[in-house]
Amino acid sequence: MKPQILGQKEVFDRKLKEETKEAVEKAVEEERKAVKKEMKMQAEKAEKKAEEVRLAERISLILKKCAKNKPLSVIADELETESEEVLPIYNIITQNPGKTVEAICEMVIYQLYCIATAQLEKFC
């Protein structure tokens with residue numbers, strides 16, 4: 001081969017190698033971002049599920065205490081919390097006798113959603 005053609009081939013090969021390296025680095029970075037985003041979503045999903053489980057456990061306890069006709073103040077004392085914290089769940093349980101823990105949990109979550117939505121509307 002002529003020296004000029006050989007030089008052009010080396011330049012082409014070097015440029016191709018650089019472009020390939022850049023493309024691979026870009027693809028790897030995009031994949032890292034996608035994995036990081038997915039991990040964050042999974043962590044948020046797990047945290048939400050854990051919150052729902054804690055809420056269901058709390059509702060179950062309050063439901064059992066209501067079944068024993070315990071007043072709000074006694075239930076709050078037994079749960080070592082303030083009456084104001086137990087009141088929303090207590091009200092839903094007493095207003096909906098016979099409902100399951102899951103049904104009450106849905107009602108509490110809906111009530112919290114409504115409260116949060118109303119608070120957001122005040123700021124907008």
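Of all heavy-atom pairs spanning C105 and L55, the tightest one is SG-CD2, 3.6 Å. Shown here for I93 and I59, the closest heavy-atom pair between the two residues is CD1-O, 4.0 Å. K99 and L63 get closest at one heavy-atom pair: O-CD2, 4.2 Å. Closest heavy-atom contact between I75 and C66: CD1-SG, 3.9 Å.
Between I104 and T100, every side-chain heavy-atom pair lies at or beyond the 4.5 Å cut-off.
Separating the OG1 atom in T117 from the OH atom in Y110 is a distance of 8.5 Å, to the nearest 0.5 Å. From T81, atom OG1 reaches atom CG of L87 across 11.5 Å, with rounding to the nearest 0.5 Å.
By the criterion of side-chain heavy atoms lying less than 4.5 angstrom apart, applied directly or through intervening Ile, Leu, Val, Met, Phe, Trp or Tyr residues, I109 is grouped together with I89 in one hydrophobic cluster. Residues L79 and V53 do not share a hydrophobic cluster, clusters being chains of Ile/Leu/Val/Met/Phe/Trp/Tyr side chains in contact below 4.5 Å.
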What donor-acceptor contacts under 3.5 angstrom involve side-chain atoms of residues 30-50, with partners at least two apart or in another chain?
unit_1 : atom_1 : unit_2 : atom_2 : d
R32    : NH1    : E29    : OE1    : 3.4
E38    : OE2    : Q42    : NE2    : 2.8
E47    : OE2    : R54    : NH2    : 3.3

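T94 places a side-chain N or O within 3.5 Å of a backbone atom of Y90 that can act as its donor or acceptor partner.
The pair K9-D13 meets the salt-bridge criterion, with a side-chain N (NZ, NE, NH1 or NH2) lying under 4.0 Å from an Asp/Glu carboxylate O.
Applying the salt bridge (Lys or Arg N to Asp or Glu O under 4.0 Å) test to pairs two or more places apart or on separate chains, those with a residue in residues 65-92 are R58-E85, K65-E78, K70-E78.
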